Chemist: 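Please find one structure pasted underneath; my questions will follow.
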Amino acid sequence: MAIDPMASCPSAKESEAWMLGHFLNHLFNGVVLGLLLTVIALGFSLVLGVMEVVNFAHGVLFAIGAYFAFALVKLVGFWWALLISPILVAILGMILESGLIKRIYSLNPLYGLLLTFSIAMGLEGLIKLIWGPMGYSIPAPPFAAGFIDLGFVVYSKYRFIQGVLALFLILALWLFLEKTTYGAVIKAGTISTEMVMALGKNLPRLRTLVFGMGSFLAGIAGVLTAPMWGIRPGIGTEAMMPALVVVVVGGMGSLYGSIIAGQLVGIVTGLTVMFYPRLSDLMMYLLMLVVFLARPRGLMGTKSILEE
Amino acid sequence: MFCWHEKGSVRLLISMMVLIAISLGGLCFAQDTIRIGLVGPYSGNFSYLGACMEQGARMAIDPFNEKGGILGKKIELVIEDNQSNAGITTQKMMKVIERDKVNFAFVGGGTSCAISAFEIAKREKVLTFSCDANDNSLNGEKANRYTFHIPEPNYEIVKAIAPSILEKYGTKWYFHTADYKWGWDIANTFKAFLKEKGGAVVGEDLIPVEARDFSTYIINVKNAKPDVLVVLQGGMSGVAAQTQYHEFGLAKSVKRTHPLFDHDLWLTIGYDTAKENGIGLVEWDINIGAPGCKEFYKEYKRKYPMSFVPIPMMDTYHSYIAVRETLRVMAELKTTNTQEIIKRLEGRVISDSLTHSPAMIRAEDHQYLRDAYIFEFKSPNEIKFNGDWIKPVKRVAWKELYRPPSIHLNQEPF
Amino acid sequence: MNALGSRILRLGGHPIILTALLFAILPLVLPMMGGHISLATEVLIMSIFGLAFNLLLGYTGLTSFGHAAYLGMGAYGFALCELHLTKQVWFVPIFSGILLAGIIAFLVGYVISRKRGIYYSLLTLAIGQLFYFIAFRWNEVTGGETGLTGLVRPTFRVRGLFSFDLSNAVIFYYFVLLMLVVTIAILRRIVNSPFGAVLQTIKQNETRARYLGYNTFWYKCACFTISGLCSGLAGVLYAMFTYCAFADYLYWVNSGDVVMLTLIGGGLTSFFGPLAGAAIFIIAKNLFSSYTQHWQIFMGIIFVIFILAFPEGLFGIVKKHKLFRPEVTSG
């Protein structure tokens with residue numbers, strides 16, 4: 001039960017404008033949430049597309065990004081933490097890939113999932129060992145703290161900045177994939193790894209780099225959401241579900257799909273909260289089911305080996 | 001591929017069973033001790049609780065062990081992680097009962113864990129304490145003669161703090177309710193109270209437990225312009241909610257209160273965010289000003305200087321009381337017989353309860369009765385150490401607070 | 001030796017009988033070594049769950065990531081029947097639980113059996129989560145967070161002869177063991193039948209199976225339903241074991257556990273794999289979590305090593321190792 005809009009707006013015209021403002025507010029909310037979901041999902045989607053591994057460790061890398069940021073914020077401030085933490089997570093990711101994950105590429109994809117799941121379990125235990133089971137918080141950086149008041153729309157400055165940063169990240173990734181040769185090789189990798197090898201590219205190194213990029217994205221998403229969600233050992237698993245849903249709705253192996261799907265999930269969730277809030281957490285799954293049954297490969301998915 | 005005989009598989013099975021039997025046999029406690037089972041969460045939603053329960057229990061146990069134990073036996077703590085999960089709670093309870101043969105147990109991890117443990121307590125006839133959940137059924141329909149409930153039930157919590165909210169803020173309330181039984185129960189109790197006092201529910205948002213984005217709800221409450229926002233959120237959503245209220249600067253336009261403000265929540269979100277919530281209820285804290293609290297804190301810091309948990313939390317206190325009183329009864333009666341202990345606990349008055357009025361364990365519903373404390377946050381210059389954040393503003397004596405029991409466990413047969 | 005005698009000997013060597021005998025003496029041996037029966041009972045219940053799950057994974061090549069939902073349905077079906085219908089007629093609650101799980105599994109199977117591969121799996125995950133949410137919120141029926149409690153384990157009476165009270169831990173263990181043997185017998189019959197052969201064909205290559213004329217949709221649907229029924233049995237036993245039914249039983253972590261234990265035991269290539277997996281997984285988890293609060297680190301490490309070193313799973317290694325290769329018997 002939301003509030004009665006009529007209660008605070010006497011005149012009909014005013015209330016119409018008010019409803020519109022309300023709606024725009026929720027829409028904008030959904031868009032920013034969607035951008036954030038896309039950033040969380042992008043790293044996951046990248047790894048899934050290139051290595052065909054369902055990387056369950058994505059969530060815990062997200063959490064580690066937040067924890068590293070917490071440790072760094074006190075030393076170097078928020079913005080440096082935002083930069084350094086994901087790099088550290090990327091390094092961790094690359095170590096995991098070259099040490100453990102690459103050994104199961106030739107096996108049934110299920111093993112990749114179970115391996116990353118076990119790694120996630122171990123790392124979560126490690127987080128608790130190092131930082132303890134209590135939670136922490138990072139305040140939004142002073143520059144971005146506070147809110148913007150535009151009359152009937154009041155918005156958090158930080159979320160705004162976060163949306164801009166997310167957009168920037170997505171754009172940067174797009175540029176990298178579209179405009180650089182290495183990006184082209186990665187894109188080729190999502191279509192056919194054999195061809196990439198046949199073309200003489202160093203596939204193992206490519207894979208390690210891609211995993212590093214995926215981990216970087218996970219880490220930076222963790223830092224970005226920390227001022228909004230708080231930091232606790234369990235936040236990793238919370239990030240996994242949206243990532244999975246976005247990737248599935250957008251389609252395996254399609255990065256643009258992830259972007260569109262992120263927006264779709266974000267906006268649908270945001271608007272559901274406006275009209276029928278009690279369903280908003282289920283909305284994600286319902287959307288997944290609907291898209292699945294209508295378009296089996298997701299919105300923009302391509303055939304992948306995971307279908308077998 | 002799949003052969004009929006699979007003799008090899010069977011041989012492997014046999015060798016495994018032998019190994020298993022040996023390894024299971026390996027974990028044995030010395031026979032001649034008093035054992036207490038701690039079935040609490042060290043992972044999952046409430047992963048900090050297990051440590052608190054352990055610390056509280058040890059603070060109760062160590063003084064006894066230093067004096068040579070009880071009845072000539074040392075006291076041991078058997079610790080099991082129930083992962084905040086009801087099914088695992090059952091398994092762990094069975095383990096500590098069947099294998100470790102504990103004399104009594106105490107449980108944490110939320111309402112479902114407490115209830116599943118209570119069920120086993122009844123079947124196996126083992127004294128069991130609930131140390132952290134607040135559901136009304138724990139001193140009501142889900143209780144049995146072998147179970148005791150230490151924390152305050154939801155009903156009494158609401159009854160204690162509602163008048164203060166009304167007095168401090170006004171009559172127009174807006175609720176952010178967690179969309180499941182816990183939230184509904186508490187919200188309904190508040191609403192009934194409000195209606196009785198002529199107040200009005202200006203609005204309510206039922207927020208799913210998994211929700212992490214509160215911007216819409218913040219917009220809703222800003223538009224409704226209530227006298228106060230009553231925040232009924234816990235766990236991760238509580239952290240997200242409070243963090244986002246702060247992010248959106250909600251405090252500038254809407255006053256809010258988080259009635260059941262757990263220690264771990266305010267420690268996680270940080271002082272700046274926490275103090276935006278006007279008043280709250282804490283079941284126990286070192287700063288309530290009762291005799292013994294400061295000494296308890298000093299002892300806690302002496303034993304656990306490096307703990308991730310900076311101050312003893314309310315669940316530390318609950319576990320401490322549960323274990324301490326049971327051990328005292330054992331020493332008084334010079335027996336470990338469960339039924340004798342239960343009879344002595346029923347109606348027991350505890351004068352050094354670290355609260356103002358002496359506390360009591362009510363015989364009829366096995367509920368621990370103690371004063372309720374309304375608090376507000378100190379100003380920064382009043383804070384002397386991490387966690388020293390609150391000061392009491394009102395105390396509600398338990399005699400005026402608790403409604404009559406709904407069950408009569410002391411008349412039930414064992 | 002006469003024909004009857006040699007037949008008895010051969011029967012005695014039959015794997016199912018041997019396994020059953022082995023498990024039968026366990027409750028007598030275990031307490032002497034300081035173990036506890038409930039752990040063994042738990043292993044048996046999860047073995048049933050694992051076997052049910054493996055019908056889908058090992059034999060049909062379908063991974064269900066939301067299988068805990070059917071275990072939960074079994075538990076709820078049993079609980080609701082006991083609380084609202086009858087506690088006295090012992091088989092009614094048991095069959096209610098199994099039936100509820102089977103019906104739900106059939107409905108879900110009907111919806112998803114057109115898909116395969118990762119899409120199939122993720123659909124099962126989404127559906128599993130949906131069921132969890134419903135169980136958590138639908139207070140009136142499921143009790144939500146406070147669950148359904150006060151269940152009883154039925155007492156089996158054979159008129160005038162004897163009665164078994166399942167409240168006794170040892171007797172309950174044997175009952176669960178009996179259920180396990182029945183499940184093994186049923187599932188063995190299924191996988192070794194023509195139906196089972198088609199399932200394995202689907203696992204190899206579904207398109208080819210379809211070209212051979214099989215309606216793979218119905219085979220997959222039927223398989224999912226059977227798996228659901230057996231998972232329901234596991235759920236009923238779990239509800240009996242814990243005397244309760246909670247939404248927690250449908251939580252996704254339990255779904256993940258069954259996947260893990262099936263693979264580790266070698267379910268992909270061995271019928272009995274899930275039994276080994278259940279034993280290892282549950283006992284390892286219990287041992288580690290009893291020793292240290294940081295058991296997750298150890299479990300993670302152990303499983304990583306296991307998956308990397310023995311991807312075939314425990315019984316997969318068994319098949320390859322010379323020591324354990326079945327002997328060729330003459331005659």
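Computed over heavy atoms, backbone and side chain alike; hydrogens, waters and symmetry mates excluded. Order of the sequence lines fixes the chain letters, A, B, ..., with proteins taken first and strands second; residue numbering starts at 1 for each chain. Predicted model only: the values in this text are computed from it and were never measured.
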Chemist: What are the two closest non-hydrogen atoms of A143(B) and L138(B), and how far apart are they?
Modeler: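 In this case the closest contact between A143(B) and L138(B) is CB-O, 3.4 Å.
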Chemist: Which atoms of S112(B) are under 4.5 Å from chain C, going by heavy atoms: the side chain, the backbone, both sets, or neither?
Modeler: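 Interface part for S112(B): both.
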Chemist: Of all the heavy-atom pairs spanning E80(B) and S290(C), show the shortest one and how long it is.
Modeler: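 Closest pair (atom of E80(B), atom of S290(C), distance): OE2-OG, 2.8 Å.
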Chemist: Using non-hydrogen atoms only, which part of S84(B) is less than 4.5 Å away from chain C: side chain, backbone, both, or neither?
Modeler: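 Backbone only.
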Chemist: Checking Y238(C) against chain B: side chain, backbone, both or neither under 4.5 Å from a heavy atom?
Modeler: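 Just the side chain, heavy atoms under 4.5 Å.
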Chemist: Around Y243(C), counting heavy atoms of other residues, nucleotides and ligands shown, do more than 12 lie under 6.0 Å from its OH?
Modeler: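 Result for OH/Y243(C): enclosed.
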Chemist: Under 4.5 Å, counting heavy-atom pairs only, tell me which of T146(C), L151(C), T242(C) racks up the most with chain B.
Modeler: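 That would be T146(C).
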Chemist: Is K285(C) salt-bridged to D257(C), cutoff N-O under 4.0 Å?
Modeler: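 Here K285(C) pairs with D257(C) in a salt bridge, since their nearest N and O are under 4.0 Å apart.
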Chemist: Which heavy-atom pair separates G267(C) from N54(C) by the least distance, and what is that distance?
Modeler: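 Where G267(C) meets N54(C) most closely, the heavy atoms are O-ND2, 2.9 Å.
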Chemist: I need the residue from A114(B), A133(B), G87(B), G110(B) with the largest number of non-hydrogen atom pairs under 4.5 Å to chain C.
Modeler: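 Top option by heavy-atom pairs under 4.5 Å: G87(B).
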Chemist: So, does D205(B) use its side chain to make a donor-acceptor pair with the main chain of I207(B) at under 3.5 Å?
Modeler: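 No, because the side chain of D205(B) does not come within donor-acceptor range (under 3.5 Å) of the backbone of I207(B).
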Chemist: Given that the side chain runs from C-beta out, which part of Y249(C) has a heavy atom under 4.5 Å from chain B: side chain, backbone, both or neither?
Modeler: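 For Y249(C), the side chain is the part near chain B, not the backbone.
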Chemist: Name the member of E141(B), M94(B), M93(B), K122(B) that forms the most heavy-atom pairs with chain C at distances under 4.5 Å.
Modeler: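 Option with the top pair count is M94(B).
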Chemist: At a heavy-atom separation under 4.5 Å, does A169(C) approach chain B through its side chain, its backbone, both, or neither?
Modeler: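 Answer is side chain: those atoms of A169(C) sit under 4.5 Å from chain B.
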Chemist: Is it the backbone or the side chain of D135(B) that comes under 4.5 Å from a heavy atom of chain C, or both, or neither?
Modeler: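 For D135(B), the side chain is the part near chain C, not the backbone.
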Chemist: Go through the atoms of E145(C) and report whether side chain, backbone, both or neither lie under 4.5 Å from a heavy atom of chain B.
Modeler: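 Both parts, heavy atoms under 4.5 Å.
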Chemist: Would you mind checking which part of I79(B) comes under 4.5 Å of any heavy atom in chain C, side chain (CB onward), backbone (N, CA, C, O), both or neither?
Modeler: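 Backbone only.
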Chemist: Could you report the tightest heavy-atom contact between V126(B) and A105(B), atom names first, then the distance?
Modeler: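 Heavy-atom minimum between the residues: CG1-N, 4.5 Å.
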Chemist: Backbone N or O of F414(B) within a donor-acceptor pair of the R145(B) side chain at under 3.5 Å?
Modeler: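 Such a contact is absent between R145(B) side chain and F414(B) backbone.
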Chemist: Counting heavy-atom pairs under 4.5 Å with chain C, which one of G50(B), S43(B), S137(B) comes out on top?
Modeler: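 The option with the most such pairs is S43(B).
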Chemist: Could you report the tightest heavy-atom contact between A234(C) and L71(C), atom names first, then the distance?
Modeler: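 Closest approach of A234(C) to L71(C): CB-CD1, 3.9 Å.
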Chemist: Is it the backbone or the side chain of D179(B) that comes under 4.5 Å from a heavy atom of chain C, or both, or neither?
Modeler: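 For D179(B), backbone and side chain are both near chain C.
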